[in-house]
Amino acid sequence: MSDLIELRDRIRVFTEERDWAKFHDPKSLILALVGEVGELSKLFQWLPADTAATRAHEDPLHTRAGEELADVLIYLVRLADILNIDLADAASRKLTSSSTRFPTTQFHGQAPDKT
């Protein structure tokens, strides 16, 4: 059994024990997810880009970033559960598709052009 399935099941139990499923419609979960991504981004908002990764290894930023990433993951896994999407399979398929779309011969060390 995958770690994502075990996490999904723990989230289900947590939700059921509190009778919160009635609040977990896709729109509400997406808004909660966006809110948590906002809290994560707030931690890094004014850090210089060239030192952000180094500073993120130091507390208290390291601990806070872990907490916000956990919130993001929990809401993402719950949303995938509600939408009946196998998140690990969807991510694997997306990586396979992206490998074809962005071959290393064309994109090694180069970001795709967004224009």
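Side-chain atoms are counted along with the backbone in the values below, which use heavy atoms only and exclude waters and symmetry mates. In this chain, residues are counted from 1 in sequence order. These figures come from a predicted structure and were not determined experimentally.
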Same hydrophobic cluster for [X] and [Y], using side-chain heavy-atom links shorter than 4.5 Å among ILVMFWY?
X: I5; Y: L73; result: no
X: L69; Y: L47; result: yes
X: I85; Y: Y75; result: yes
X: V34; Y: V72; result: yes

Checklist entry - What pairs meet the side-chain hydrogen bond (donor to acceptor under 3.5 Å, both in side chains) rule with one or both residues in residues 87-97, with sequence neighbours excluded? => result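 Found D89-R93.
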
Item to check | Atom CZ of R12 with >12 non-hydrogen neighbours under 6.0 angstrom | outcome: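 It does: R12 CZ has more than 12 such atoms within range.
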
Checklist entry - Regarding R18 and the six-membered ring of F14, is the cationic atom NZ or CZ under 6.0 Å from the ring centre and inside 45° of its axis? => result yes

Between [X] and [Y], which heavy-atom pair has the shortest distance, and what is it?
X: L61; Y: A56; result: CD2-CA, 3.7 Å
X: I82; Y: H24; result: CG1-O, 3.6 Å
X: P26; Y: L83; result: CG-CD2, 3.8 Å
X: V77; Y: I11; result: CG1-CD1, 3.8 Å
X: D71; Y: E36; result: OD2-OE1, 3.1 Å

Next on the checklist: Between E67 and R64, does any NZ, NE, NH1 or NH2 come within less than 4.0 Å of an OD or OE carboxylate oxygen?
Outcome noted: yes

Interatomic distance, [X] atom [atom1] to [Y] atom [atom2] [nearest 0.5 angstrom]:
X: R8; Y: S2; atom1: CZ; atom2: OG; value: 8.0 Å
X: I74; Y: L29; atom1: CD1; atom2: CG; value: 12.0 Å
X: L87; Y: D81; atom1: CG; atom2: CG; value: 10.5 Å
X: D25; Y: L31; atom1: CG; atom2: CG; value: 8.5 Å
X: E68; Y: L43; atom1: CD; atom2: CG; value: 6.0 Å

Checklist entry - Under 3.5 Å, is there a donor-acceptor pair between the side chain of D86 and the main chain of A88? => result yes

Item to check | Results of ring-ring contact (aromatic ring centres under 6.0 Å, His included) for F44 - residues two or more places apart only | outcome: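 F44 satisfies ring-ring contact (aromatic ring centres under 6.0 Å, His included) with no residue once adjacent residues are dropped.
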
Item to check | Where at least one partner belongs to residues 88-115, residue pairs that pass ring pair (Phe, Tyr, Trp, His ring centres under 6.0 Å), sequence neighbours excluded | outcome: F102-F107

Checklist entry - Any side-chain heavy-atom pair from P48 and T51 closer than 4.5 angstrom? => result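 Yes, close enough: below the 4.5 Å cut-off.
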
